[in-house]
Amino acid sequence: MSETEKRDFIRQIIHDDLESGKHSEIVTRFPPEPNGYLHIGHVMSICLNFGVAAETGGRTFLRLDDTNPGKESKEYVDAIKRDVHWLGFDWQDRLTHASDYFGQLYESACRLIEMGGAYVDSLSADEIREHRGTLTEPGRNSPYRDRSVEENLDLFRRMRAGEFGDGEHVLRARIDMSSPNMNMRDPALYRIRHIPHQNAGDEWCIYPMYDFAHGLSDAYEHITHSLCTHSLCTLEFEDHRPLYDWFLDQLKPEYRPRQIEFSRLNLAYAVTSKRKLNTLVDEGIVSGWDDPRMPTIAGMRRRGYPVAALREFVTRAGVTKKDKLIEMGVLENCIRETLGEQAERRMAVLRPLKVVLTNYPENTVEMMEAMNHPGRPELGTREMPFSRELWIEQDDFMEDAPRKFFRLKPGGEVRLRFGYIIRCDEVVRNTAGDVVELRCSYDPDTRSGTASSDRKVKGTIHWVSCEHAIDARVRLYDRLFNEANPNAVDDIHGALNPESLEIVDGKLEPALAELSAGQAVQFERLGYFCADEKEDSAAARVINRIVTLRDSWAKLEKQAMQQQNQVV
RNA sequence: UGGGGCGUAGCCAAGUGGUAAGGCAUCGGGUUUUGAUCCCGUGUACCGCAGGUUCGAAUCCUGCCGCCCCAGCCA
């Protein structure tokens, strides 16, 4: 990193610690609980934790924070590993689990009991809640708070041996029931759960709580900077840090990590709360965790969002302690920028309208040369068959066109991209009065690329030869919510965007037969698209729209509509 | 009404006592066989508010206001 480069406050701390010699190597960790799929908020945490280590030649652990069996599963573990790898990060041999440390954690708990820093409480969960007090009133000590070390040790060992049922006892830290910080009012350290564990099997029936396990796990791994953000992988911020430090002060592990908190990233028109994400999946509002509308990493991957765009997005969002709600447009622009540079261009018609070139010979096919990328000639060209009958976009024709509409209209001319200039001579309707066909004539002197082709017309539209077109099912995705901050809404049902998915039967140019999985292309004038990783096949194309192109015409139209409505 | 955190333009965000960077959006204009891209231009930000210290304050002090988080045997 150069001297002049801007650093966020965490990178500044890390830079200072390296400069002062406090640390010679940075070690971080990304510690998700394997109880759900990773989402856009986690991308921020992953990029930060892996990023700061990579930038300084340090190391990062992927630690599965699996202290609560019953909620956690192998399915989630596998998904997390896949997602982190997909984002381009490698933990190498540093895949760990909180459950790897259950033995050490148990020993530490016993030591804490011996030091008088923990006791076994036999109150029920309800009673403990009653004793905890409120935000404004101090709590009361449990009647079991002053059990002897011997009794506590004996009880705790028997808890571990399985002599008690779930909830009969709990191990608590002995701190201060009147602390203004609720987290310090004798928090639970261990609870009894007779449930097998996804990693540890049935070796244990007592499991450590997050606060106890997390700081010590950081210490065991010699984490230099434990970077936390609200309810994503870890804590609710600085309220827990006194407790994090308390355990370290008491148990004095050989290595002492430091926790630093930063704010979570909220994306407008998207939810990241686990409960709401679950609702979407469980009620079938989306097709699953990897539905292309989901803000999960799996969903965004399937949608076709490039990794580079996601990483750029979190960079633009920044690392601070301020609550933020970032506009969807920022993400979309990152995607457009990345794909605009990378994606080859193709042509496809989403809502086909037939055009017959009445003066074009029948049974004739010309091959038109089309650039694969206007800004990158090295990506070469391809040939597009051109014939008498073509598909164009319904939106590219208007009977009563406003002055500024410069696509096709009766008597008007338009350029077919990489083809000829055509004129609309006649509009054909069905019995219902719908426009079903346009009869046009082409100007033979205007073939693209020829010497006489430089005649200018206002509009250029895309097209596909009917005879050669490939049928495709194309899914047009839009934001899942109409509410800017659906995370803040109690009932998400009313906030849903009913038009988040539209499916159309489109026509693709022949070159798209070779579209491979994971390859994003730009359909000219429409947007960026990719083949669906699950449902697409060569026999039946299923294409996802990643994002539209910026569309200043649509914006103009919308403004015109609004003005009209105001007048009326 | 207890504790913790945060308030700089529509959205992000630099800035750490010397007179408000940058990005995205917006709005103009130019180029263009994608109404895309690209290029150029475009912002009077009561720096949450009010006082105070100072030659000088977004930066220091005091008071106030607003928003977020905490009362799981979840993480």
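Within every chain, numbering begins at 1; the chains are lettered A, B, ... in the order of the sequence lines, protein sequences first and strands thereafter. Remember, predicted model here, so these are calculated numbers, not experimental data.
Contact annotation: the side chain of A:Thr548 never approaches that of A:Tyr528 to less than 4.5 Å [non-hydrogen atoms, C-beta and beyond].
Inspection of the A:Glu337 and A:Asn333 side chains reveals no N or O donor paired with an N or O acceptor under 3.5 Å. For the 3.5 Å distance criterion, the side chains of A:Glu312 and A:Thr338 fail to qualify, holding no donor opposite an acceptor. Side chains of A:Asn68 and A:Glu33: no donor on one and acceptor on the other come within 3.5 Å.
Mapping A:Thr67 and A:Thr320 onto RNA chain B by nearest heavy atom places A:Thr320 closer to the 5' end of the strand. Between A:Gly449 and A:Thr136, the residue whose closest nucleotide on RNA chain B is further toward the 5' end is A:Thr136.
Comparing the C1' positions of B:rG43 and B:rC38 gives an interatomic distance of 23 Å, to the nearest angstrom. To the nearest whole angstrom, the two P atoms, one in B:rG22 and one in B:rU44, are 15 Å apart. Spacing between B:rG23 and B:rU62 at atom C1', rounded to whole Å, works out to 36 Å. The separation of B:rA25 from B:rC39, taken at their P atoms, amounts to 12 Å, rounded to a whole angstrom. Look at the P atom in both B:rA14 and B:rU34: the space between them is 39 Å, to the nearest Å. One C1' atom belongs to B:rU42, the other to B:rC55, and the distance between them is 36 Å to the nearest Å. Spacing of P atoms, B:rC46 relative to B:rA36, comes out at 33 Å, to the nearest Å.
For A:Lys555 and B:rC27, the shortest distance from a side-chain N or O to OP1 or OP2 is below 4.0 Å. A sub-4.0 Å separation between OP1 or OP2 of B:rA71 and a side-chain N or O of A:Arg185 is absent.
Within 4.0 Å of A:Arg415, counting heavy atoms only, lies at least one base atom of the nucleic acid. At a threshold of 4.0 angstrom between heavy atoms, the contacts of A:Gly340 with the nucleic acid are absent. Residue A:Arg345 is classed as a base contact, given a heavy-atom separation below 4.0 Å to a base. In this structure, A:Phe405 reaches the bases: a heavy-atom distance under 4.0 Å links it to at least one base atom across the strands shown. Across all strands shown, A:Pro242 has no heavy atoms under 4.0 Å from either base or sugar-phosphate atoms. At a threshold of 4.0 angstrom between heavy atoms, the contacts of A:Ala317 are confined to the sugar-phosphate backbone, with no base atom among them. Residue A:Met347 is classed as having no contact, given no heavy-atom separation below 4.0 Å to the nucleic acid. Within 4.0 Å of A:Ile461, counting heavy atoms only, lies no atom of the nucleic acid at all. Among the protein residues, A:Arg417 comes within range of the nucleic acid bases, having at least one heavy atom under 4.0 Å from a base atom. Looking at heavy-atom distances under 4.0 Å, A:Phe418 makes contact with a base.
The interatomic distance linking A:Tyr528 (OH) with B:rA36 (P) rounds to 12 Å, in whole Å. Rounded to a whole Å, the NZ atom of A:Lys274 is 8 Å from the C1' atom of B:rA75. Atom C1' of nucleotide B:rU34 and atom CG of A:Leu526 are separated by 9 Å, given to the nearest angstrom. Atom CG in A:Leu556 sits about 13 Å away from atom P in B:rG35, given to the nearest Å. Rounded to an integer number of Å, the gap from CG of A:Leu189 to P of B:rG72 is 16 Å. Nucleotide B:rG23 holds its P atom 11 Å from the CZ atom of A:Arg316, rounded to whole Å. If you take CD1 of A:Ile192 and C1' of B:rG72, they are 16 Å apart, rounded to a whole angstrom. Residue A:Lys456 contributes atom NZ, which lies 11 Å from atom P of B:rU31 at whole-angstrom precision.
Crowding of A:Arg160 atom CZ: a count of heavy atoms from other residues, nucleotides or ligands under 6.0 Å exceeding 12.
A:Phe523 and A:Phe529 have parallel rings, their planes meeting at less than 30° on a 0 to 90° scale where 60° marks the start of perpendicular.
In this structure, A:Tyr210 does not count as stacked on the base of B:rA75 under the 5.5 Å centre distance and 30° plane angle limits.
Remark: the A:Asn181 side chain and the B:rG4 base include no donor-acceptor N/O pair separated by less than 3.5 Å.
Of the listed nucleotides (B:rC27, B:rU34, B:rC74), B:rU34 has the atom at the smallest distance from the side chain of A:Glu524.
Distance check: A:Asp239 CG to A:Glu261 CD gives 9.0 Å after rounding to the nearest 0.5 Å.
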